[in-house]
Amino acid sequence: MTQATIPVPSTTAPTRSARSSSRATRHTRSLGGRGVHQRRSILLTIVMSVMVVYALFPLFWLFVSSTKTQSELLSSFGLWFSGDFSLFDNIAQTLSYGNGEFVRWFGNTLLYVVVGAGGATLLAALGGYGLAKFNFPGKKGVFAVVLGAVAIPGTALAVPTFLMFSQLGLTNTPWSIILPSLISPFGLYLIWTYALDAVPTEVLEAARMDGAGEMRTFFTISLRLLTPGIVTVLLFTVVATWNNYFLPLIMLSEPTWYPLTVGLNQWNAQSQTVGGDAIYNLVVTGSLLTIVPIIVAFLFLQKYWQSGLSAGSVKA
């Protein structure tokens, strides 16, 4: 006697209705997710457009105002061109006014940036690398001091620095601007955190086993690996030194050593003195010339700056 076999439905293969339902569910989720993504993209586009306009609006006003003469600057609509295009005439007058004061101030600013910002970047690279790759007693205390220095604004230290430098006889000299610019707690902290992952310890140990000293290892191996972070710190220190106003204002009394920030403010303020000459068109044109080197630096170093920020902000 044979037994009848009863077919048992398979539990592994989905039925046709189940497959159709699953496909419809995925399609619905895909449409829903696509709609949310599209709405988010539109919102982000609007927000970014507003931010771009907000960032470029002062630059547009500065360029438009630099193309006007003194009378047109005070009488015409500020957000559009008016009269003759006087940009090149204004540039020539700015460079020659006051026996070339603007050129001298520009040279002073370059001096402060090259020596001050360049030295601050080098010291931050050396100090941050050492703190990241070497262990020594009191390392946690140094970390606390660096974080505390980052939290203190520079304006809070300007007056104590002036009192100290006046006792040393360094006020009204370039050293009163260069020496404070050499200290960059934020740059030190940034290189410190970046070097933890950017420079593998195994590579340093291999170089030491091959007989390379610490200085040679740093300048031949570590420095190349730290290039994105160093460029990032360089940009921050260059911008901070280039735009430094309060420290030179209280440290310097001779226009010979003025940077561009203090010098242009002096041009702007001379219209309020008795018999002073109002040169607002030259002040605006000088401000336009002042930001050109910063824009050029960001355009040339942008790729290093972006990679430095992204790589330095990711830690395991």
Checklist line | Full working for side chain to side chain contact (heavy atoms under 4.5 Å, CB included) between K68 and N281 | finding: CA-CA 7 Å; K68 301 178 182 179; N281 61 325; over 6 Å; no
Notebook entry, point to check: Taking it one step at a time, do L87 and F63 satisfy side chain to side chain contact (heavy atoms under 4.5 Å, CB included)?
Noted result: CA-CA 9 Å; L87 176 61; F63 176 76; 3.9 Å; yes
Donor-acceptor check, side chain of [X] to backbone of [Y], threshold 3.5 angstrom: yes or no?
{"X": "S176", "Y": "T173", "answer": "yes"}
{"X": "N90", "Y": "S66", "answer": "yes"}
{"X": "T109", "Y": "L260", "answer": "yes"}
{"X": "K133", "Y": "V199", "answer": "yes"}
{"X": "Q70", "Y": "Y280", "answer": "yes"}
{"X": "N108", "Y": "Y258", "answer": "yes"}

Between [X] and [Y], is any pair of side-chain heavy atoms under 4.5 Å apart?
{"X": "N268", "Y": "L264", "answer": "no"}
{"X": "V142", "Y": "F136", "answer": "yes"}
{"X": "L204", "Y": "F218", "answer": "no"}
{"X": "M164", "Y": "Q167", "answer": "no"}
{"X": "L252", "Y": "V262", "answer": "no"}

Item checked: Heavy-atom pair of closest approach, residues S96 and A92 -> OG-O, 2.9 Å
Count the heavy atoms of every other residue, nucleotide or ligand shown that sit under 6.0 Å from [atom1] of [X], and state whether that count exceeds 12.
{"X": "F60", "atom1": "CZ", "value": "yes"}
{"X": "D210", "atom1": "CG", "value": "yes"}
{"X": "R208", "atom1": "CZ", "value": "yes"}
{"X": "Y189", "atom1": "OH", "value": "no"}

Notebook entry, point to check: Does a donor on one side chain and an acceptor on the other come within less than 3.5 Å for S86 and T69?
Noted result: no
Notebook entry, point to check: Between Y112 and N244, does any side-chain donor sit less than 3.5 Å from a side-chain acceptor?
Noted result: no
Check: Can you list the steps and then say if F106 with T290 is a side chain to side chain contact (heavy atoms under 4.5 Å, CB included)?
Finding: CA-CA 8 Å; F106 188 85; T290 300; over 6 Å; no
According to a 4.5 Å side-chain heavy-atom criterion applied to Ile, Leu, Val, Met, Phe, Trp and Tyr, with indirect links allowed, do [X] and [Y] form part of one hydrophobic cluster?
{"X": "L170", "Y": "I183", "value": "no"}
{"X": "L123", "Y": "W175", "value": "yes"}
{"X": "F57", "Y": "I295", "value": "yes"}
{"X": "I152", "Y": "F162", "value": "no"}
{"X": "I291", "Y": "L299", "value": "yes"}

Notebook entry, point to check: Is the ring centre of W267 less than 6.0 Å from the ring centre of W105?
Noted result: yes
Notebook entry, point to check: Using the benzene-type ring in the case of Trp, are the ring centres of Y97 and F102 under 6.0 Å apart?
Noted result: no
Note to self: Under the criterion side chain to side chain donor-acceptor pair (under 3.5 Å), I'd like the reasoning laid out for T121 against T237: C-alpha separation, chi angles, the key distance, then a yes or no.
What the structure shows: CA-CA 7 Å; T121 304; T237 53; 3.2 Å; yes
Next item on the list: Determine, stepwise, if the pair L62 / V284 fulfils side chain to side chain contact (heavy atoms under 4.5 Å, CB included).
Entry: CA-CA 7 Å; L62 191 63; V284 173; 3.6 Å; yes
